[in-house]
There are 2 protein chains.
Amino acid sequence: MFGDKERPLYEIKANLFKGLAHPYRIKILEILSRSEEVSVAQMLKETGLEGSHLSQHLAVLRKHQLVTSERRASVVYYRLAYPEVADLLRVARQLLGELLGDTQSRLVGATELPNIPELPESVSK
Amino acid sequence: MFGDKERPLYEIKANLFKGLAHPYRIKILEILSRSEEVSVAQMLKETGLEGSHLSQHLAVLRKHQLVTSERRASVVYYRLAYPEVADLLRVARQLLGELLGDTQSRLVGATELPNIPELPESVSK
DNA sequence: TGATGGAATGATAAATCCATCATATCAGAA
DNA sequence: TTCTGATATGATGGATTTATCATTCCATCA
């Protein structure tokens with residue numbers, strides 16, 4: 001195993017992307033990208049997730065240092081840890097523009113990409 | 001399940017990040033970012049991976065449409081499917097600059113992030 | 001044709017991740 | 001203090017991902 005100093009950058013980067021690699025976490029980060037600061041209660045509404053499930057995804061995002069949280073009274077507020085997180089989502093959107101623009105990609109995407117668990121209505125976009 | 005048209009963007013984005021969420025795939029994409037076009041043989045050398053393992057990761061990258069491949073004679077050449085892929089890595093690097101710049105993050109990263117399988121010497125950076 | 005080298009695919013066990021449910025913590029109200 | 005609403009943590013089974021090994025495919029050369 002590696003000490004942190006010598007740990008290859010690839011692994012740190014891969015970890016970063018792992019933090020982003022779930023539809024609900026993307027959803028959460030996009031909510032945070034728009035709003036500066038959002039309470040867990042608000043996210044519950046916007047995502048339609050069950051409480052502990054949301055908390056679990058928030059824990060992942062915290063672990064990867066993509067968000068920070070602050071408790072005021074009994075409410076916990078989240079925000080993006082760095083504006084670059086939003087940049088990352090922006091570039092991803094841009095790449096997907098290209099990617100989905102290609103005629104074939106629809107079909108390929110539909111048939112070959114892993115199937116995706118259904119989300120509650122409220123989450124659809 | 002969703003047809004491709006209504007499939008929420010979050011899921012498509014999450015899939016994109018999943019394609020990036022492995023150290024060897026980052027390594028591979030960075031090699032491709034530098035070189036316009038690279039043969040599998042060259043990647044074998046640069047990554048130190050065993051053949052079928054490399055192929056498997058290349059298959060993942062193809063499935064996610066992050067790279068394209070072309071066979072000329074018996075050699076297969078890969079390249080990035082879109083320049084935005086390199087952008088994504090660039091932004092990630094930038095974010096990590098912030099993230100690792102913070103004093104605490106080293107410790108947190110070392111103790112709390114999932115442990116990472118050791119890579120052969122040749123891959124270390 | 002058969003043999004050879006480069007690359008991809010298939011199968012499998014181990015590791016990791018996810019959704020669900022139950023339980024715990026924390027802070028304010030009664 | 002006990003209760004209650006808000007949030008987090010723990011445990012568990014099922015699904016997905018990964019590393020390894022064996023096999024197959026594809027193109028060239030003898």
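Below, chain A is the first sequence line, B the second, and so on; all start at residue 1. Basis for what follows: all heavy atoms, side chains included, without hydrogens, waters or symmetry-related copies.
The CE atom of B:M43 sits 15 Å away from the P atom of C:dG6 (whole-angstrom rounding). Taking atom CG of A:L49 as the reference point, atom C1' of D:dA8 lies 15 Å away to the nearest angstrom. Atom-to-atom, CG of A:N15 to P of D:dT18 comes out at 12 Å; the value is rounded to the nearest Å. Put simply, CD on B:E50 is 13 Å from P on C:dA8, counting in whole angstrom units. Rounded to an integer number of Å, the gap from B:L61 CG to C:dT9 P is 13 Å. One interatomic measurement links the two molecules: NZ of B:K63 to C1' of C:dT9, which rounds to 14 Å at whole-angstrom precision. Rounding to whole angstrom units, CG of residue B:L54 and P of D:dA19 are separated by 12 Å. Between B:H53 atom NE2 and C:dG6 atom P there is a gap of 20 Å when expressed in whole angstrom units.
Taking the side chain of B:R71 as heavy atoms from C-beta on, and the options D:dT17, D:dC26, D:dT7, the nearest nucleotide is D:dC26. Taking only side-chain atoms of A:Y78, from C-beta outward, the nucleotide of C:dT9, C:dA27, D:dA8 with the closest atom is D:dA8. With C:dA19, D:dA19, D:dT7 as the candidates, the nucleotide lying closest to the side chain of B:Y24 is D:dA19. Nearest to the side-chain atoms of B:H22 among the listed nucleotides D:dA19, D:dA22, C:dA7 stands D:dA19. Of the candidates D:dT7, C:dC18, C:dA8, the closest approach to any side-chain atom of A:L44 belongs to D:dT7.
Without hydrogens or angle criteria, A:R25 side chain to A:K18 main chain gives a donor-acceptor distance under 3.5 Å. With hydrogens and angles disregarded, no donor-acceptor distance shorter than 3.5 Å links the side chain of A:H64 to the backbone of A:L66.
With DNA chain C read from its 5' end, the first of the two nearest nucleotides for B:Q56 and A:R25 is the one closest to B:Q56. Nearest-nucleotide positions on DNA chain C place A:H57 closer to the 5' end than the other of A:R72 and A:H57.
Residue A:S55 has a polar side-chain atom (N or O) positioned under 4.0 Å from OP1 or OP2 of D:dA8.
Counting non-hydrogen atoms under 4.0 angstrom, B:Y77 reaches nothing in the nucleic acid.
Ring geometry for A:H57 versus A:H22: interplanar angle of 30 to 60°, hence tilted.
Under the 4.5 Å side-chain heavy-atom criterion for ILVMFWY residues, no single connected hydrophobic cluster contains both A:V60 and A:L16.
Across all strands shown, D:dA30 pairs with C:dT1; the Watson-Crick or G-U wobble distances both stay below 3.5 Å.
The shortest distance between side-chain heavy atoms of B:L89 and B:S33 falls below 4.5 Å.
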